[in-house]
Amino acid sequence: MSASSALRGRRFHQKSRNGCQQCKRRKVKCDEKKPVCDKCRRYGVDCSFAPANRIRIEEAVVSSRRSISSDRNTTSCSSSRPSRRGSPRWIPVENPHTPLSAGFELAIADLELLHHYTTSTAYTFSLHPALQTLWRVEVPRIGFTAPYTLRAILAISALHLAVLRPGKRELYIAQASEHHDAALRLATPAIPNINHENVPPLFLFSALSSFICCAKPLKLGNFLLWEDHEIADWLLLIKGTGSIIESSESAKESLHSGPLGIIFSVHRQSYSLLATQHEFLENLRCFILNEMKDSHGDESEVYNAAIDHLSHCFTICLDKGCRLETAEVFLWLLRVPQDFLLLLKGHQPHALVIVGYFCVLLHQLEWMWWMKNWGTHILSQIYHLLPGPIYKAWLQWPMEQIGFVPFE
């Protein structure tokens, strides 16, 4: 073959210097057609010549970059031809080589959790229709103003899905842990500075944190109120939040008169009931005070106060004659003296027995998925912690009420 014939058979083409980013990455010639080149159209790939679509996607995923995306969109639309550096990217600027699907995985997972919360989980916190609407509508709305509250919403939704979808249990538990850990990091600095503006989201965060800790899988050594000789973080959180709110009149007024005010109006009648005497608690009181008669008086007062507040909760329970709700049972945890928690931390027998009676109230909450088996779980551990048959005998009434039979 002659040199002239070889030259005649060789194909020449003009190099594309302003092709789309997708063709450049594949190292193929781009025809530079707009808004989508033929290669991208053929392979079903988002072409960088269509900046408007990419910018809308980026705005939906990273709302904080809206101004940046808008500036890029303006620049792209005002130019008659793309620059050599290429058109604006739809991908996050931290990692410009991340594919579209990878950038959406976490967002889609979070949207799934939020959807499940509003369509299912929000209905499980109360039997009262008005409170169900509050948890479904107002709580997410408040969550959008405070990331720690929104994260807590996603965490409790993930734990609910872990119960409903056991095949993905570990995945959802991991998501819940990630969201709640992030929420704690965000909320902790704000709690000492509660004011009339941030009190609703912080109040919700503390309430949701208590639900989250109750919803986590049961394990030995976890007594819900304390674990490994330490008072539970969630209990310190709700007691601390409650005491700060009570000490601030403006925060208290904002909470009661704002969108969460219905919580207090619904339960106000129950809280106003005067505590009545209950024979089983009065017998326990006499036993403990007799045991403590030769000891320091302050400790007797702590036990007296704990039994008084527990008696009030039992009055609410017996008066209602229907399913209890968390606010009516957890009221005892908010009012019990801090010194009583310290006695629990040291596994003092009298304090353990009192919590055994509280387990009867916890058992009344087992219609809620996140309180399932907690009463029996705590009572069984307390039974084996008590030092002798005398203290164990005082658990007979709670064990009968719950239906718990110990295995020696």
Side-chain angles (χ1 to χ4, degrees), residues 221-232 235-236 239 243 270-271 273-320 324 328-365 374-408:
N222 184 356
F223 293 80
L224 185 61
L225 314 186
W226 76 98
E227 184 175 8
D228 299 329
H229 291 281
E230 294 295 336
I231 302 171
L235 184 52
L236 293 174
K239 285 181 70 67
S243 62
S270 295
Y271 294 164
L273 291 173
L274 295 176
T276 56
Q277 290 190 340
H278 307 284
E279 184 178 359
F280 52 89
L281 284 179
E282 293 309 310
N283 290 337
L284 177 63
R285 191 198 302 269
C286 290
F287 165 71
I288 292 177
L289 294 182
N290 275 335
E291 289 267 304
M292 303 295 300
K293 62 183 178 182
D294 296 328
S295 63
H296 200 279
D298 291 345
E299 197 167 321
S300 298
E301 292 179 9
V302 170
Y303 288 130
N304 244 333
I307 293 175
D308 284 340
H309 293 311
L310 191 58
S311 182
H312 187 196
C313 288
F314 270 105
T315 298
I316 296 173
C317 171
L318 298 176
D319 181 76
K320 286 195 69 171
L324 290 180
E328 295 152 343
V329 172
F330 282 19
L331 177 66
W332 183 68
L333 300 178
L334 291 173
R335 294 183 173 179
V336 73
Q338 184 70 17
D339 288 341
F340 179 81
L341 299 180
L342 297 177
L343 293 170
L344 274 179
K345 178 181 174 180
H347 289 177
Q348 293 299 314
H350 300 107
L352 292 174
V353 172
I354 291 174
V355 174
Y357 281 68
F358 176 65
C359 289
V360 176
L361 296 178
L362 287 180
H363 188 69
Q364 303 303 312
L365 295 177
W374 266 112
T376 303
H377 178 74
I378 297 175
L379 188 60
S380 65
Q381 294 186 97
I382 288 176
Y383 182 86
H384 290 98
L385 272 180
L386 290 173
I390 295 178
Y391 293 108
K392 291 182 178 180
W394 281 99
L395 289 184
Q396 188 62 38
W397 185 83
M399 290 191 299
E400 291 175 353
Q401 299 303 308
I402 293 178
F404 166 66
V405 179
F407 294 95
E408 298 291 350

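- Rounding to the nearest 0.5 Å gives a distance of 12.5 Å between CZ of Arg285 and CG of Asn290.
- Under the 4.5 Å side-chain criterion, counting only non-hydrogen atoms from C-beta, Phe223 is not in contact with Val355.
- Heavy-atom minimum distance, Ile402 versus Cys359: CD1-O, 3.6 Å.
- For the pair Met292/Glu299, a side-chain contact is recorded, criterion being any heavy-atom separation below 4.5 Å from C-beta on.
- Counting heavy atoms from C-beta outward, Val329 and Phe358 have side chains that approach closer than 4.5 Å.
- Closest approach of Leu361 and Cys313 over heavy atoms only: CD1-CB, 3.6 Å.
- Counting heavy atoms of neighbouring residues, nucleotides and ligands inside a 6.0 Å radius, atom CD1 of Ile390 does not exceed 12 of them.
- Listed here is the closest heavy atom pair of Leu379 and Leu395: CD1-CD2, 4.0 Å.
- For the atom pair CG (Leu236) and CG (Leu341), the distance works out to 7.5 Å, reported to the nearest 0.5 Å.
- Rounded to the nearest 0.5 angstrom, Met399 CE and Thr376 OG1 are separated by 11.5 Å.
- Residue pairs that meet the salt bridge (charged side-chain N to carboxylate O under 4.0 Å, His left out) test with at least one member in residues 353-363, sequence neighbours left out, do not exist here.
- For the pair Leu362 and Phe330, the minimum side-chain heavy-atom distance is below 4.5 Å.
- With hydrogens and angles disregarded, a donor-acceptor distance shorter than 3.5 Å links the side chain of Gln381 to the backbone of Gly221.
- A donor-acceptor distance shorter than 3.5 angstrom exists from the side chain of His377 to the backbone of Asn222, with no hydrogens or angles considered.
- Between the side chains of Gln348 and Tyr303, no donor-acceptor pair is found at a separation under 3.5 Å.
- Remark: Phe280 CZ to Glu400 CD distance equals 12.5 Å, nearest 0.5 Å.
- Between Phe314 and Tyr357, the distance separating the two ring centers is not shorter than 6.0 angstrom.
- Ring geometry for Phe404 versus Tyr383: interplanar angle over 60°, hence perpendicular rather than tilted (30 to 60°).
- Judged purely by atom type and a 3.5 angstrom limit, Lys239 has no side-chain atom pairing as donor or acceptor with the backbone of Gln338.
- If you take CD1 on Ile288 and CG on Asn283, they are separated by 11.5 Å, rounding to the nearest 0.5 Å.
- Leu225 is not listed as a side-chain neighbour of Ile231, based on a closest heavy-atom distance of 4.5 Å or more.
- With a 4.5 Å cut-off on side-chain heavy atoms, Val336 and Ile354 do not count as touching.
- Distance check: His309 NE2 to Leu333 CG gives 11.5 Å after rounding to the nearest 0.5 Å.
- Annotation: side chain of Val302 is not in contact with side chain of Leu342 (no heavy-atom distance under 4.5 Å).
- With hydrogens and angles ignored, the 3.5 Å screen pairs a side-chain donor or acceptor of Trp332 with a backbone N or O of Ala306.
- At distances below 3.5 Å, at least one donor-acceptor pair connects side-chain atoms of His278 with backbone N or O atoms of Ser311.
- For residues 336-362, the pairs satisfying salt bridge (charged side-chain N to carboxylate O under 4.0 Å, His left out) are Glu230-Lys345, with sequence neighbours left out.
- Using a 4.5 Å cut-off on side-chain heavy atoms (C-beta onward), Val360 and Trp397 make contact.
- Looking at every heavy atom in both residues, Trp374 comes nearest to Leu224 through CZ3-CB, 3.6 Å.
- Not one N or O on the side chain of His312 forms a donor-acceptor pair closer than 3.5 Å with the backbone of Asp308.
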